[in-house]
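Take a look at the structure set out below.
In this chain, residues are counted from 1 in sequence order. Values below: every heavy atom of this structure, side chains too, minus hydrogens, waters and symmetry copies.
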Amino acid sequence: MKKLTKAFVGWMVFSSAIVAQAQIEDLVAITVEGRSSKPTESEASREITAWAQSTTAREQVIEVLGDSRYQKRRNEIEEKIVKQSSKFMPFVNPGAPTQAPDRTFKMPVTLKVSMPSLRRLVLESGLLNESGAPTSIAPMVALTDRRKGQSVRWWLGASTDSTMKELNDLNSEILKSVVGRLSAKGFYVAKPDAKESVLPDTLRSERPQGETLSGISKQLGTPLVLRGDVRIGSARENSDAIAGSIAFEVVHAVSGRVVADVAKSFSAKTAGKEMRVAL
């Protein structure tokens with residue numbers, strides 16, 4: 001069990017590399033055309049490029065936050081996101097300016113936007129909190145052992161069945177790791193009790209969503225929920241080995257918007273009683 005826990009903690013560290021890789025691969029190419037009345041081609045090119053960057057950044061952040069939240073916190077978003085567009089817009093390629101009969105210039109600009117980087121900047125900027133304070137989040141990680149047909153979710157309360165002890169212990173370690181990683185990133189984390197749920201019976205749903213998820217968010221005082229799904233089972237090629245998957249997504253509880261996600265599969269060539277996992 002200790003080796004599996006260590007492997008999970010290792011995955012939490014490795015997930016940063018996964019996200020970084022996703023930022024490189026998950027680039028959205030956008031081409032816009034702008035106009036400028038500047039007197040020279042070079043001046044027009046600079047003005048149109050700056051306009052393209054700010055306009056594209058603004059449109060993409062509205063996609064993430066929604067128009068109503070953007071309008072409510074426009075000035076803050078302009079400062080923290082739009083003016084920081086280089087953090088999530090790694091490629092900006094201005095085209096060749098052409099002059100129209102009215103002496104104005106027009107020019108296409110192609111930009112590539114990293115949506116994972118944008119979502120991370122939104123999270124770290126506290127823009128999903130009404131107050132703008134450090135973003136608060138509640139981890140809701142479901143752990144399932146397919147080999148034994150057992151599962152545990154802290155918000156449902158831990159089972160007192162003695163056969164569940166191993167899974168309950170692993171669940172406690174997973175929650176501890178998740179809370180530690182999120183806290184290190186500057187989030188305020190609602191720390192769940194792995195052994196006793198603080199939620200009323202009306203909110204104890206296996207897969208909370210919609211009004212139930214919103215109710216949990218209000219109960220815990222966190223606008224964001226980290227939904228996690230950790231599954232372990234036997235590897236196909238070796239019944240003594242294990243394989244599984246880990247998936248996380250950050251959800252804005254009230255709107256239901258997914259603002260970040262990451263997933264990873266894992267397997268082990270050998271595994272004994274301690275369920276070794278090689279990542």
Side-chain angles (χ1 to χ4, degrees), residues 15-16 18-20 22-32 34 50-92 109-140 178 181-183 185-190 208-228 247-263:
S15 66
S16 297
I18 297 172
V19 173
Q23 290 168 1
I24 295 173
E25 297 176 352
D26 190 13
L27 294 175
V28 178
I30 298 171
T31 299
V32 296
W51 167 85
Q53 287 179 280
S54 61
T55 298
T56 302
R58 198 171 293 116
E59 290 175 350
Q60 296 307 308
V61 78
I62 289 174
E63 281 291 316
V64 173
L65 290 174
D67 186 65
S68 61
R69 187 174 290 270
Y70 171 77
Q71 295 299 336
K72 186 176 181 180
R73 301 177 68 173
R74 176 195 290 263
N75 293 338
E76 188 178 1
I77 290 169
E78 290 290 322
E79 286 295 323
K80 292 184 176 181
I81 306 296
V82 176
K83 290 184 178 180
Q84 304 294 322
S85 62
S86 61
K87 292 183 177 180
F88 57 89
M89 201 177 292
F91 300 106
V92 179
V109 181
T110 298
L111 314 98
K112 290 188 177 181
V113 180
S114 168
M115 294 308 294
S117 294
L118 172 57
R119 295 188 186 105
R120 185 181 64 188
L121 186 59
V122 167
L123 284 172
E124 293 176 349
S125 299
L127 291 168
L128 289 169
N129 268 8
E130 292 301 327
S131 63
T135 304
S136 54
I137 188 169
M140 301 187 71
V178 170
R181 289 288 293 171
L182 290 172
S183 297
K185 289 290 185 180
F187 294 102
Y188 170 77
V189 187
Q209 54 187 340
E211 292 184 1
T212 302
L213 190 64
S214 179
I216 292 173
S217 169
K218 292 177 182 178
Q219 179 81 15
L220 299 177
T222 61
L224 296 181
V225 171
L226 174 70
R227 280 200 297 221
F248 288 138
E249 62 178 11
V250 178
V251 183
H252 187 260
V254 175
S255 67
R257 287 175 178 267
V258 176
V259 295
D261 56 67
V262 65

Task: Pair Val32-Thr55, side chain to side chain contact (heavy atoms under 4.5 Å, CB included): steps then yes or no - done: CA-CA 9 Å; Val32 296; Thr55 298; 6.0 Å; no
Open item on the list: Is there a side chain to side chain contact (heavy atoms under 4.5 Å, CB included) between Met115 and Val64? Walk through the geometry before answering.
Closed with: CA-CA 9 Å; Met115 294 308 294; Val64 173; 4.0 Å; yes
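Considering only heavy atoms from C-beta on, Ile30 stays 4.5 Å or farther from Glu59 through its side chain. Residues Val109 and Trp51 form no side-chain contact, since every pair of their non-hydrogen atoms from C-beta on lies 4.5 Å or further apart. Counting only heavy atoms from C-beta outward, the side chains of His252 and Leu65 never approach each other to under 4.5 Å.
Distance CD/Glu76 to CD1/Ile81: 9.0 Å, rounded to 0.5 Å. The CD atom of Gln60 sits 11.0 Å away from the OG atom of Ser114 when rounded to the nearest 0.5 Å. With rounding to the nearest 0.5 Å, the separation of CG in Asp67 from CZ in Arg74 is 8.5 Å.
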For residues 210-221, run the donor-acceptor check on the side chains, cut-off 3.5 Å, and write out each pair with its distance to 0.1 Å, sequence neighbours left out.
residue, atom, partner, partner atom, Å
Ser217, OG, Thr222, O, 2.3

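When all heavy atoms of Ser117 and Lys87 are compared, the closest pair comes out as CB-O, 3.7 Å. In terms of heavy atoms, Ile77 sits closest to Tyr70 at CD1-CA, 3.6 Å. Taking every heavy atom of both residues into account, Leu111 and Thr56 meet most closely at CD1-OG1, 3.6 Å.
A donor-acceptor pair under 3.5 Å is formed between the side chain of Arg227 and the backbone N or O of Pro208.
For Glu63, the CD atom is loosely surrounded, since the number of other residues' heavy atoms within 6.0 Å does not exceed 12.
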